[in-house]
Number of protein chains: 2
Amino acid sequence: MIVRQAANVLEIMEFFAQTRKPATLAEIADHFGWPRSSTFNLLATLSEKGYLYEPRPRAGFYPTPRWLAMARLISEVEPLPPWTHTLIAELSAETGETASIVAPAGVMAVFIDVVESQAPIRYFATVGHRVPIHATASGRALLLQYSPEERDSVYRKIEFKQYGPSTPISIEAVEIELRNSIERGYCVSFADYSRDLAGAAIPLPIGDRRLSVVVAGPEFRIGPKIAEVAALIARTVDRLRPKGPG
Amino acid sequence: MIVRQAANVLEIMEFFAQTRKPATLAEIADHFGWPRSSTFNLLATLSEKGYLYEPRPRAGFYPTPRWLAMARLISEVEPLPPWTHTLIAELSAETGETASIVAPAGVMAVFIDVVESQAPIRYFATVGHRVPIHATASGRALLLQYSPEERDSVYRKIEFKQYGPSTPISIEAVEIELRNSIERGYCVSFADYSRDLAGAAIPLPIGDRRLSVVVAGPEFRIGPKIAEVAALIARTVDRLRPKGPG
DNA sequence: TGAAAATGTACATATATGTGAATTTATATG
DNA sequence: CATATAAATTCACATATATGTACATTTTCA
């Protein structure tokens, strides 16, 4: 069950992140199609908690820097080592496609760092973006790091859907694809989940964290050179990952 | 009216900002005294929207870097000029007290940047902290920048409460205090709102934004030297604020 | 200056939502 | 390996909550 008002808080923040300017109650209500009274209650709540203020009289609300302060505190903890960002930056630069670091979230995989392609036609993804763990290259690169028992427990929660012609729609299909990935040396996906989208990924364990790196883009562009891309990912990881014990 | 689930989202985030480590559903539910089922719904909502993930299997939830990405976008807009942070850093260092930049939010004043005192006994405030605009030094330094009409419209919304012995509990009392502040050259508050707390503040208009700087601490420590502190604030602002037109 | 329009606020009520109890799944223990 | 214990999930129902309506305030424009 979705908690509507919790989701609304996030929507309001995303709204401000997009518009980047103060907005009045009426503007926000109209934008979302919410009743004024409800919008009023929400804004009042956020204000009372110190997350919204009125930069100028009658010019509307805007988030306080408290969001930033909180987000910084939260993200200071086991941040990704800096070389992982260099990694996807280089990969994106060299391939011209979107590169990301991905982490598990139940039956989904979450993008936790992204460098977007600069091409006009590109894979559009942002930090926080989620995709099914079993139907994507990045997700399967995570599953490869699980024990068979752990994979089983994930499998049982998956609702297998036919997202595209090649989506694996059974546990066996996923397991087969995982075995193929091991032989191949990397994970791939050709529109398994998103139409026209192809990608290559490899596991990226860091400490005891199970992550993966993925490079993804339009099928027609990345498809023909998927093996090269995968090799590039592997080489770049080798080069950038600090050597030695620990 | 407080929107409960909106407030809960904020509480969860603050919880993570404090503990700085993943937490399981049960831990979160117990911490807040929420029913497991409700907690489940909330966590599911935040996860589905890409704001929570599971860093390690069965080790609980933690916020994704999406919070940081969003907060950065939001705070990039008209950030405070860097010298304002230098200002409160210096003031805090020199006085040993807590120094802050404050902005209006209706009948309240919000702390939008804070450098805390290092003293064991100190004024504890964080970014986002809110205080009544009429019953605090920092708030009155904001009111000084309003036109009489604007002040009137604020006054009408204030619920005058006797927070302490010296709290102004009428429009006239506030106006008198404002006039005194102008003569004095700075605003003060002696436990007008918070017990044992005293502070000195001056207006800090930046562009068309109405802000104020305040230095606050325990009454016994800051009270005797309040005039010096105020003078220091004024001098430091003069020194740091860029000169010239604009 | 005054009247109309837009915006913000309060409140009672119907209903969408949170929750207790039941069920399933995972982990610990003998 | 079986059983006990704890955690996660589901679901139906009572209730806390979002909203329609009415009112107040502010702004716009003739």
Side-chain angles (χ1 to χ4, degrees), chain A residues 1-12 22-48 52-62 104-108 146-159 171, chain B residues 1-12 22-49 52-54 56-62 104-108 146-159 171:
Chain A
M1 169 193 266
I2 281 274
V3 181
R4 174 117 54 105
Q5 294 292 25
N8 287 352
V9 170
L10 304 174
E11 303 247 308
I12 285 201
T24 63
L25 187 154
E27 284 166 355
I28 296 173
D30 291 350
H31 178 265
F32 290 106
W34 295 340
R36 295 263 162 106
S37 48
S38 315
T39 308
F40 174 76
N41 291 336
L42 236 193
L43 294 180
T45 302
L46 293 177
S47 299
E48 265 188 41
L52 240 40
Y53 76 123
E54 292 147 80
R56 299 158 239 271
R58 268 173 254 107
F61 295 86
Y62 199 73
V107 300
M108 304 297 271
Y146 284 37
S147 72
E149 294 75 30
E150 289 173 322
R151 283 208 302 281
D152 269 345
S153 104
V154 171
Y155 289 154
R156 254 172 278 134
K157 293 179 194 158
I158 293 178
E159 243 195 301
I171 296 180
Chain B
M1 169 193 267
I2 280 276
V3 180
R4 172 115 58 104
Q5 293 294 25
N8 288 351
V9 169
L10 304 174
E11 303 246 308
I12 284 201
T24 62
L25 188 153
E27 285 166 354
I28 296 172
D30 291 350
H31 177 264
F32 290 106
W34 295 340
R36 297 255 163 118
S37 48
S38 316
T39 309
F40 174 77
N41 290 336
L42 236 194
L43 294 181
T45 302
L46 293 177
S47 299
E48 264 188 41
K49 286 239 147 204
L52 241 40
Y53 76 124
E54 293 148 75
R56 300 159 237 272
R58 267 174 253 107
F61 296 86
Y62 200 74
V107 299
M108 305 296 272
Y146 284 37
S147 71
E149 294 76 30
E150 289 172 324
R151 284 208 301 281
D152 269 344
S153 104
V154 170
Y155 289 153
R156 255 171 278 134
K157 294 178 193 160
I158 293 178
E159 242 196 302
I171 295 180

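Under the side-chain contact (heavy atoms from CB on, under 4.5 Å) test applied with A:Trp34, the options A:Asn41, A:Leu25, A:Leu42 reduce to a single match, A:Leu42.
Partners of A:Asn8 by side-chain hydrogen bond (donor to acceptor under 3.5 Å, both in side chains), not counting sequence neighbours, listed by chain and number: A:Gln5. B:Tyr62 meets the ring pair (Phe, Tyr, Trp, His ring centres under 6.0 Å) test with B:Phe16; sequence neighbours excluded.
Remark: the backbone N or O of B:Val3 is paired with a side-chain donor or acceptor of A:Thr45 at under 3.5 angstrom.
With rounding to whole Å, B:Glu149 atom CD is found 14 Å from D:dT27 atom C1'. Atom CG of B:Asp30 is separated from atom P of D:dA6 by 12 Å (rounded to the nearest Å). Here D:dT17 presents its P atom at 18 Å from CH2 of A:Trp34, a figure rounded to the nearest Å. Protein atom CD1 of B:Ile2 is 11 Å distant from nucleotide atom P of D:dT17, rounded to whole Å. Rounded to whole Å, atom C1' of C:dG8 lies 15 Å from atom CG of A:Leu42. Nucleotide D:dT19 holds its P atom 13 Å from the CG atom of A:Leu43, rounded to whole Å.
Nearer the 5' end of DNA chain C, as judged by each residue's closest nucleotide, is the contact made by B:Pro35, out of B:Pro35 and A:Ser153.
For the OP1/OP2 pair of D:dT17 and a distance below 4.0 Å, the side-chain nitrogens and oxygens of B:Arg4 include at least one atom meeting the criterion. Of the side-chain N and O atoms in A:Gln5, none sit less than 4.0 angstrom from OP1 or OP2 of D:dT17. OP1 or OP2 of D:dT26 has at least one side-chain nitrogen or oxygen of B:Arg156 nearer than 4.0 Å.
Contact record, A:Ala7 with B:Lys49: CB-CE, 4.1 Å, taken as the closest heavy-atom pair. Across B:Leu52 and B:Phe61, no two heavy atoms sit closer than the pair CG-CB, 4.1 Å.
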Can you give me the N/O atom pairs linking the protein to nucleotides 7-15 of chain D at distances under 3.5 Å, or say none if there are none?
from: D:dA8; atom 1: OP2; to: B:Ala26; atom 2: N; distance (Å): 3.0

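Of the candidates D:dT25, C:dT25, D:dT19, D:dT19 carries the atom nearest the A:Ser38 side chain, counting heavy atoms from C-beta on.
Side-chain atoms of B:Asp30 and B:Arg36, non-hydrogen and from C-beta on, do get closer than 4.5 Å to each other.
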